[in-house]
Each structure stands twice: as C-alpha cells, then as structure tokens.
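These notes are about the structure you will find just below.
To find a chain, count down the sequence lines: A is the first, B the second, and so on, and within it residues start at 1.
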Amino acid sequence: MNQDFVIFDLETTGLSPAQHDIIQIAGVRVVAGKIRESDLFFSYVNPGGPIPAFISSYTGITNADVRGAPGLGQVLQDFSRYVGAATLIAHNGHRFDMKFLKESCARHGLPTRKINYQDSIYLSRLVWGKCFGGHGLDAVLARLKISAVGSQRHDARGDVDLLARAVEKMWGMLPGPSAHAALTVYEGVLPALLPA
DNA sequence: GCTAGGCAGGAACCCCTCCTCCCCT
C-alpha cells in the first residue's frame with residue numbers, strides 16, 4: 001500500500017454541520033500500512049461560544065479546555081498542512097466529519113483545496129457485510145476485540161487511536177489489493193494551504 | 001433543562017419520490 005493516510009476524528013458541539021462547531025481535531029499518520037504513533041496531530045478549537053453541557057458530559061471537553069485554544073481557521077489550516085497529500089480516513093466520515101469540514105470552511109469563508117478521503121464504515125461493511133451489531137465504532141472495536149481501556153472514548157485522541165488500530169486490523173482481513181481497491185475514494189475539502 | 005439533523009440506501013416502481021435506518025457529536 002503506497003498511499004499515505006491520515007486517520008482523523010472531530011469532536012463537535014452537536015450533530016449539525018450547519019449549526020454546530022468543531023471543538024477538537026486529532027489525527028494520526030499511516031505510512032505503508034503502518035501507524036506512525038509519533039506522527040500525531042491534535043488541537044482544541046475555540047468555538048467562539050459555550051459548549052452545551054450535554055456535549056461536555058459526552059466528550060469530557062469543557063469550556064475551560066477551549067478558552068485559550070486557537071480559532072477554527074488557524075486549526076484547520078494547521079491540520080491541512082499536516083495532512084498534506086495523504087488520503088483522509090474517518091469513521092462515518094462521509095456523512096459526518098467531511099461534511100463538518102466542508103461546512104466549517106464555507107461558514108468561515110476559508111478558501112479550500114480538494115482532498116481524497118475514505119470512510120472506515122465502508123471498510124467494516126467490506127469485511128463483515130450486513131451483520132448483527134452494525135458498523136458503529138463500538139461494534140467494530142468489539143468484533144476486533146480492541147479494548148478501549150486506556151483510550152478516552154469520545155475524545156478525538158482516544159477515538160483516533162482506537163480507529164487507527166481497527167483500520168489496520170481490517171486492512172489485514174481483506175483478501176488482497178483488489179479488495180482494497182473496492183473501497184470508494186471520495187473527494188472532500190480542506191483549507192487551501194497558505195504560505196507559511 | 002438542554003438528547004438533535006440529515007445522509008445513504010432500499011423499496012417501489014420506471015426514474016423519481018418516499019421511507020427507514022444508521023451513525024456521527
């Protein structure tokens with residue numbers, strides 16, 4: 001596998017890209033099919049408003065965590081630079097994370113560039129087909145016997161760590177390169193790279 | 001006190017529309 005990947009996860013103030021804001025981004029690079037555990041991206045994002053109590057309870061992310069954090073434009077620019085030419089992977093990214101990135105860029109008037117991405121939910125469907133328990137991250141982790149102990153679920157760093165281990169295992173379960181090629185590569189957006 | 005929005009995919013049916021379920025925070 002020659003293509004480099006960045007497996008990433010967003011935490012947000014809610015489910016609607018049109019109404020809610022990104023508050024945390026984490027990513028880890030995968031080169032030649034191997035996770036580079038030391039090559040991480042992480043940042044809180046200051047959403048410019050209060051985090052709903054439900055979200056703080058769900059994610060553990062508080063207003064104090066994001067108060068001193070950079071704004072979305074800066075963080076997404078840094079993330080875009082980190083990603084470079086890699087293909088992004090997120091769990092349910094086709095329906096959630098990539099839509100959040102696109103809508104967030106649009107709402108903040110950020111010029112964009114095109115980026116390829118895959119959705120690990122489709123990887124799970126490729127491996128197990130229609131199966132009991134579905135293809136949510138918890139179900140995938142349970143099937144792969146990946147323990148979340150030691151990783152903070154619903155924190156982007158923890159979720160990225162778990163997802164990366166899951167993706168690596170699922171890749172290993174595919175019968176061959178043709179199966180890899182069956183995974184749809186979508187086109188999304190990240191902020192255009194500005195001169196450093 | 002606050003637990004929501006909307007896609008993808010299938011069904012029904014003939015090519016769009018409607019419906020239901022999944023999954024993310």
Checklist entry - For atom C1', what is the distance between B:dA11 and B:dC24, given to the nearest Å? => result 25 Å
Next on the checklist: With rounding to the closest Å, how many angstrom separate the P atoms on B:dC18 and B:dC14?
Outcome noted: 13 Å
Checklist entry - Who does B:dC24 pair with, Watson-Crick or G-U, both distances under 3.5 Å? => result B:dG5
Item to check | Within residues 144-169 of chain A or reaching into it, pairs that qualify as ring pair (Phe, Tyr, Trp, His ring centres under 6.0 Å) - sequence neighbours excluded | outcome: A:Tyr58-A:His154
Checklist entry - Roughly how far apart, to the nearest Å, are B:dC22 and B:dG5 at atom C1'? => result 13 Å
Checklist entry - How far does the C1' atom of B:dA4 sit from the matching atom of B:dT17, given to the nearest Å? => result 25 Å
Checklist entry - With rounding to whole Å, what would you report as the distance between B:dT25 and B:dC15 at their P atoms? => result 41 Å
Checklist entry - How is A:Leu10 classified with respect to the nucleic acid when contacts are heavy atoms under 4.0 Å: base, sugar-phosphate, or nothing? => result sugar-phosphate
Next on the checklist: Between B:dG9 and B:dC2, how many Å separate the two P atoms, rounded to a whole number?
Outcome noted: 34 Å
Next on the checklist: Work out how far the P atom of B:dT20 is from that of B:dC13, and round it to whole angstrom.
Outcome noted: 14 Å
Checklist entry - What is the distance, rounded to the nearest whole Å, between atom CD1 of A:Ile23 and atom C1' of B:dT25? => result 8 Å
Checklist entry - Which is true for A:Asp119 with a 4.0 Å heavy-atom rule: it touches a base, it touches only sugar-phosphate, or it touches nothing? => result nothing
Checklist outcome for this item: A:Leu101 CG to B:dC24 P, in whole Å, measures 17 Å
Item to check | Donor-acceptor under 3.5 Å (A:Asp9 side chain, A:Asp159 main chain) | outcome: no
Checklist entry - Please walk me through it: do A:Phe79 and A:Leu88 pass side chain to side chain contact (heavy atoms under 4.5 Å, CB included)? => result CA-CA 11 Å; A:Phe79 183 62; A:Leu88 290 169; 4.0 Å; yes
Item to check | P gap between B:dC23 and B:dG10, integer Å | outcome: 13 Å
Checklist entry - Have A:Thr12 and A:His20 got a donor and an acceptor in their side chains that come within less than 3.5 Å? => result no
Checklist entry - For A:Gln24 and B:dC24, what is the distance between atoms CD and C1' respectively, to the nearest whole Å? => result 15 Å
Next on the checklist: In this structure, how many angstroms lie between the P atom of B:dC21 and the NE2 atom of A:His135, rounded?
Outcome noted: 16 Å
Next on the checklist: Quick one, A:Phe41 with A:Phe8, criterion ring pair (Phe, Tyr, Trp, His ring centres under 6.0 Å). Give me CA distance, side-chain angles, the key distance, then yes/no.
Outcome noted: CA-CA 9 Å; A:Phe41 179 92; A:Phe8 81 104; 10.0 Å; no
Checklist entry - Going through the checks in order, is the side chain to side chain contact (heavy atoms under 4.5 Å, CB included) test met by A:Val6 and A:Ile89? => result CA-CA 6 Å; A:Val6 166; A:Ile89 297 177; over 6 Å; no
Checklist entry - Got a sec: does the NZ of A:Lys102 have more than 12 other heavy atoms crowding it under 6.0 Å? => result no
Item to check | Sugar-phosphate or base contact per nucleotide [nucleotides 1-11 of chain B; S, B, -; heavy atom under 4.0 Å] | outcome: -BBBB-BBS--
Item to check | Euclidean distance, atom CG of residue A:Leu163 to atom P of B:dT25 [Å, nearest integer] | outcome: 10 Å
Item to check | A:Thr59-A:Glu11 side chain donor-acceptor pair, cut-off 3.5 Å | outcome: no
Checklist entry - What's the CG-C1' distance between A:Leu137 and B:dC22, to the nearest Å? => result 14 Å
Next on the checklist: Just to be sure I understand the rule, does A:Asp155 reach a base, reach only the sugar-phosphate, or reach nothing, if contact means heavy atoms closer than 4.0 Å?
Outcome noted: nothing
Item to check | Separation of atom CG in A:Leu162 from atom P in B:dC24, rounded to whole Å | outcome: 12 Å
